[in-house]
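Sequence lines set the chain letters: A, B, ... in the order given, protein chains first and strands last, and positions in each chain run from 1. As the structure is a prediction and not an experimental result, all values here were calculated from the model.
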Protein chains: 2
Amino acid sequence: MKEIFGSASGSPGSTPPAALAAKVRTLAPSMTRSMQRVAETVAADPAGCAALTVTGLAELTGTSEATVVRTARVLGYPGYRDLRLALAGLAAQQQSGRAPALTTDIAVDDPIADVVAKLAYDEQQTLADTAAGLDTVQLGAAVTALAGARRVDVYGVGASGLVAQDLTQKLLRIGLIAHAHSDPHLAVTNAVQLKAGDVAIAITHSGSTGDVIEPLRVAFEHGATTVAITGRPDGAVTQYADHILTTSTARESELRPAAMSSRTSQLLVVDCLFIGVAQRTYEQAAPALSASYEALAHRHRR
Amino acid sequence: MKEIFGSASGSPGSTPPAALAAKVRTLAPSMTRSMQRVAETVAADPAGCAALTVTGLAELTGTSEATVVRTARVLGYPGYRDLRLALAGLAAQQQSGRAPALTTDIAVDDPIADVVAKLAYDEQQTLADTAAGLDTVQLGAAVTALAGARRVDVYGVGASGLVAQDLTQKLLRIGLIAHAHSDPHLAVTNAVQLKAGDVAIAITHSGSTGDVIEPLRVAFEHGATTVAITGRPDGAVTQYADHILTTSTARESELRPAAMSSRTSQLLVVDCLFIGVAQRTYEQAAPALSASYEALAHRHRR
DNA sequence: GTCACCTTTGAAAGATATTTTCGCGGCGGT
DNA sequence: ACCGCCGCGAAAATATCTTTCAAAGGTGAC
């Protein structure tokens, strides 16, 4: 019966897996030559050794299994198995340590793995920035307006048009009457119908997209509550907006157009609006959500 | 921020030890009950499980050794031994430095500021998980296919439809011929036109959306290169997919439908595809990008 | 409701890996 | 040169992991 470990799960009782190199140095003098060879090999490449069995490590160091096990004992582990686990831990730590070298731009010759990492990192950054910069008072006001709205119109063209549609889809699912407009003419035509109690939302990264500002102005002048989701809180769109929700912008580059990060940012804002409204209208939203889920179930194959 | 693994020095091919919780979430639906129990136990306490033998873990979860090994396989490891090593690595990482994070769900009575913080955090998590779980080989293959495609069709309905449109918009901007279809009939009708050298992409979170699978099947049978972007790598859609890109799934809750995080994940994948293609076709993509930018300038007001 | 079929599961056999045992051979002291 | 001790590895013994196989449980067809 081998393998005795304390019952406690995450107990930090055992040796902190760091300082392995130091331990090797300290204990080396008290080891025999073969054991030193093993210890040094292990200290030099924890990751590599973690992948080896006793036999493998014995061969690699030109020794025997017994020696490897003895070395593990000297290093303070019950046996090789546990040394190996510690090694794996060490390797993982080392690897995660040297992570944040991702500040560079995406280059034309970046390997695909780097592209993934950099993009993910950038978008995470965008999300953090957006969350930090979002004015919760304005957001709350916008949510209140939406929760009591008779009708909601959302304007957005280009990439922002998709965000507008996303918001619309979500609001519809919780029983609100919402429309997305990406055709500027139709948008204006519809905006004329709005009145007090209705909500109009304009989504534009630049804050100066005429096709989106125009319908918002009309809605504003007809007494609707207007919301602007924009990356430029000083843009032209804000002059017709009762509530301004600011999105954040990541540096753009040649390969990474601004539309990409602004979309991420806009979607977060839109999600916040949605959840906010769902909270306020919970009684009605919850059943509506599950109802729409049910309705789609049969569209899924086995 | 979560671990983004670099080039990975010594450790050969094995799965990056990150994102285990995410992988469990992704794969859980395709597991049997007992396996799920094992997977969840492991995800909940990596450190504790790393200290257990197969037999120990089997007893703890009330299953058999065989089930434990099977679970390890599903999670992408050759056997339990390797899972255990990965677990040890994960545990070490967790212990080393880790923000406790807001793990709580979004509640009905959360103040709006918390909603923003939690949503942002969740989406960041989703991005990290997606990046960690994305198969760069498959991604590279998909990019290659796209870069040389005569024509690209993208299928997606519902929330995924917007992602499909997003991809299409981007590809169009760099000179590819791309169409998004959310009408299943039209999608099939168009799929018939595809042939070798064309690319068809299906986007579906569930992996079993008939309306999206059908056109992909037709495209597949007509010789087009097919790509599936899905959260269920074992879903029905994958049987007609030459390349499978897996999106990650966050735990969903009543207020936060799965569609939300899957969209974030899908968009990251789509962005990676786009950047990848832009890299490959740089000579042609760069001028096309700035050209489309120029063309829109006059639409912005002063 | 019943049957046939498929899936899931655990017990036990089989294969590997780890630990222990045991004795050989080198080395320093006498 | 002889004796005894220490380091070392081969191989046996044990623990651990993997595979196989048959029974239990569930599902859909009739």
Once you round it to whole Å, what is the distance between [atom2] of [N] and [atom1] of [X]?
{"X": "Met31(A)", "N": "dC6(D)", "atom1": "CE", "atom2": "C1'", "result": "17 Å"}
{"X": "Asp82(A)", "N": "dA17(C)", "atom1": "CG", "atom2": "P", "result": "17 Å"}
{"X": "Arg73(B)", "N": "dT18(D)", "atom1": "CZ", "atom2": "P", "result": "6 Å"}
{"X": "Arg81(A)", "N": "dT18(C)", "atom1": "CZ", "atom2": "P", "result": "6 Å"}
{"X": "Leu83(B)", "N": "dT16(D)", "atom1": "CG", "atom2": "C1'", "result": "15 Å"}
{"X": "Met35(B)", "N": "dT8(C)", "atom1": "CE", "atom2": "P", "result": "9 Å"}
{"X": "Tyr80(B)", "N": "dA15(C)", "atom1": "OH", "atom2": "C1'", "result": "18 Å"}
{"X": "Leu57(A)", "N": "dT18(C)", "atom1": "CG", "atom2": "C1'", "result": "13 Å"}

Base, sugar-phosphate, or nothing: which does Arg37(B) touch, judged by heavy atoms less than 4.0 Å apart?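 Counting heavy atoms under 4.0 Å across all strands, no contact is made by Arg37(B).
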Just to be sure I understand the rule, does Arg33(B) reach a base, reach only the sugar-phosphate, or reach nothing, if contact means heavy atoms closer than 4.0 Å?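 Sugar-phosphate: the residue Arg33(B), judged by heavy atoms under 4.0 Å, touches backbone atoms but no base.
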Does Lys118(B) come within less than 4.0 Å of Asp122(B), counting only side-chain N to carboxylate O?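 Not counted as a salt bridge, because no side-chain N and carboxylate O are separated by less than 4.0 Å.
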Would you mind telling me which of [options] lies closest to the side-chain atoms of [X]?
{"X": "Thr32(A)", "options": "dG7(D), dC22(C), dT16(D)", "result": "dG7(D)"}
{"X": "Thr55(A)", "options": "dT18(C), dC8(D), dC17(D)", "result": "dT18(C)"}
{"X": "Arg70(A)", "options": "dT20(D), dT20(C), dT21(C)", "result": "dT21(C)"}
{"X": "Thr53(B)", "options": "dG10(C), dC17(D), dT19(C)", "result": "dC17(D)"}

Nearest non-hydrogen partners of Val38(B) and Thr71(B), listed with the distance: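 Residues Val38(B) and Thr71(B), closest heavy atoms: CB-OG1, 3.7 Å.
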Contact summary for Leu194(B) and Ala219(B), nearest pair of heavy atoms: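 Taking Leu194(B) first and Ala219(B) second, the nearest heavy atoms are CD1-CB, 3.7 Å.
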Are OP1 or OP2 of dT8(C) and a side-chain N or O of Ser34(B) less than 4.0 angstrom apart?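 Answer no for this pair, as no side-chain N or O of Ser34(B) is under 4.0 Å from OP1 or OP2.
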With a 4.0 Å limit, can you tell me whether Arg84(B) has a side-chain N or O closer than that to the phosphate oxygens OP1/OP2 of dT16(D)?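 No, because none of the side-chain N or O atoms of Arg84(B) sits under 4.0 Å from OP1 or OP2 of dT16(D).
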Identify, with sequence neighbours excluded, every residue that meets ring pair (Phe, Tyr, Trp, His ring centres under 6.0 Å) alongside His181(B).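 Applying ring pair (Phe, Tyr, Trp, His ring centres under 6.0 Å) to His181(B) gives Tyr155(B).
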Pull out every residue in residues 58-66 of chain A that has a heavy atom closer than 4.0 Å to any atom of DNA chain D, ordered by number, or say none.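 Gly62(A), Thr63(A), Ser64(A), Ala66(A), in order of number.
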What residue among Val269(B), Thr247(B), Thr238(B), Thr246(B) forms side chain to side chain contact (heavy atoms under 4.5 Å, CB included) with Thr230(B)?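 One option only clears the test, and that one is Thr238(B).
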Calculate, to the nearest 0.5 Å, the distance between atoms CD1 and CD belonging to Ile213(B) and Gln239(B) respectively.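 That separation rounds to 7.5 Å.
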Determine whether a donor-acceptor pair (N or O, by modelled atom type, separation under 3.5 Å) exists between the side chain of Gln138(B) and the backbone of Leu245(B).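 Not a single qualifying donor-acceptor pair exists.
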